[in-house]
Amino acid sequence: MSRIGNKAITIPQGVEVTVAEGNEVTVKGPKGTLTKKFSPLMTIEAKDGQVTVKRPDEEKHTKQLHGTTRALIASMIEGTEKEFSKTLQIVGIGYRAAVQGNKLTMGLGYSHQIEMDIPSDVKVEAKDANTLVVSGIDKQRVGQFAAEIRAHRKPEPYGGKGIRYSDEHVRRKEGKTAAAKK
């Protein structure tokens with residue numbers, strides 16, 4: 001029994017949800033519009049200020065799809081009402097980032113600058129040289145782009161240098177010299 005799939009999603013004020021043929025869900029909100037096509041196995045209904053997702057049978061695959069479909073629709077509604085964002089911290093001497101137009105330029109200790117094109121549905125803001133905020137209405141696109149930025153220099157456990165999420169805890173390790181002093 002999918003507990004998440006059985007929960008009804010309340011549609012907030014100012015958000016409009018429409019379900020078209022073939023389970024294509026369109027969510028319009030103050031921040032933008034998202035459209036996604038879902039499996040034809042699910043029955044999606046939007047009425048009386050709520051969205052409900054129902055499954056046809058009790059097979060394992062259908063139960064999994066039920067909870068996933070409901071969670072994706074809830075994320076679409078939340079994203080169009082208020083944007084998703086991820087904050088990245090750049091830690092290291094000489095490490096910095098800057099946004100110019102639709103390009104993100106990062107100096108991460110390599111012999112060259114790293115330039116990335118910012119996707120049209122994602123916004124990147126450089127609060128300062130060491131803090132980036134990635135935001136947008138699509139939760140998956142925001143998380144994916146933040147992960148692509150982080151992949152250029154993951155935080156290392158000895159010096160703590162690299163790009164990390166603001167809420168990420170990097171476990172630090174002792175170096176070789178710590179063992180020699182004993």
Side-chain angles (χ1 to χ4, degrees), residues 2-5 7 9-10 12 14-15 25 27 29-38 64-65 67-182:
S2 173
R3 294 188 176 140
I4 291 177
K7 286 183 181 176
I9 307 163
T10 306
V15 176
V25 177
V27 181
K31 299 289 182 178
T33 304
L34 287 174
T35 302
K36 189 167 180 65
K37 192 170 175 71
F38 293 99
Q64 293 167 342
L65 201 58
T68 302
T69 303
R70 190 256 179 216
L72 288 172
I73 294 170
S75 291
M76 288 170 67
I77 291 171
E78 186 181 342
T80 54
E81 184 188 15
K82 51 182 186 265
E83 291 183 327
F84 292 104
S85 69
K86 294 232 180 225
T87 306
L88 297 165
Q89 298 288 324
I90 302 172
V91 179
I93 297 173
Y95 289 13
R96 61 187 71 252
V99 177
Q100 294 122 2
N102 67 338
K103 286 223 183 279
L104 171 64
T105 308
M106 297 181 288
L108 300 174
Y110 297 117
S111 61
H112 59 283
Q113 295 279 323
I114 296 169
E115 284 192 356
M116 295 179 73
D117 290 325
I118 300 171
S120 60
D121 56 347
V122 174
K123 289 180 277 212
V124 178
E125 179 189 346
K127 294 246 184 203
D128 55 55
N130 297 331
T131 307
L132 291 173
V133 178
V134 181
S135 60
I137 61 173
D138 191 346
K139 189 175 191 176
Q140 191 272 330
R141 298 284 292 147
V142 169
Q144 179 66 39
F145 192 67
E148 287 172 10
I149 294 171
R150 184 179 178 274
H152 285 291
R153 183 68 93 175
K154 291 184 182 170
E156 53 100 8
Y158 295 102
K161 298 192 300 186
I163 302 173
R164 64 180 79 168
Y165 298 111
S166 62
D167 56 353
E168 179 180 11
H169 174 71
V170 177
R171 243 175 99 192
R172 301 292 298 271
K173 293 182 178 180
E174 287 185 13
K176 292 178 186 177
T177 56
K181 289 181 183 178
K182 289 182 181 179

Polar side-chain atom of R164 near backbone of P155 as donor-acceptor pair, under 3.5 Å: no
Using modelled atom types and a 3.5 Å cut-off, is there a donor and acceptor pairing between side-chain atoms of Y95 and backbone atoms of I163? no
Are the side chains of [Y] and [X] in contact, using a 4.5 Å heavy-atom criterion?
X: T131; Y: Q89; result: yes
X: I149; Y: M106; result: yes
X: L104; Y: L132; result: yes
X: K7; Y: R3; result: no
X: P12; Y: I77; result: yes

Heavy-atom closest contact ([X] atom, [Y] atom, distance):
X: V124; Y: F145; value: CG2-CE2, 3.5 Å
X: P30; Y: V15; value: CD-CG2, 4.3 Å
X: A97; Y: I90; value: CB-CD1, 3.5 Å

How long is the gap from [atom1] on [X] to [atom2] on [Y], to the nearest 0.5 Å?
X: Y110; Y: R153; atom1: OH; atom2: CZ; value: 4.0 Å
X: T87; Y: Y165; atom1: OG1; atom2: OH; value: 11.5 Å
X: E156; Y: K161; atom1: CD; atom2: NZ; value: 6.5 Å
X: I9; Y: I73; atom1: CD1; atom2: CD1; value: 5.0 Å
X: K86; Y: K139; atom1: NZ; atom2: NZ; value: 8.0 Å

Would D121 and I137 satisfy side chain to side chain contact (heavy atoms under 4.5 Å, CB included), going step by step from the backbone distance to the final call? CA-CA 8 Å; D121 56 347; I137 61 173; over 6 Å; no
Using a 6.0 Å cut-off, check whether atom NZ of K127 has over 12 heavy atoms from anything other than its own residue. no
Might you confirm whether atom OH of Y158 has over 12 heavy atoms from other residues, nucleotides or ligands at distances under 6.0 Å? no
Residue pairs, two or more places apart or on separate chains, that pass side chain to side chain donor-acceptor pair (under 3.5 Å) and touch residues 72-84: E83-K123
Applying side-chain hydrogen bond (donor to acceptor under 3.5 Å, both in side chains) between T105 and each of Q113, R96, Q100, report the one that passes. Q100
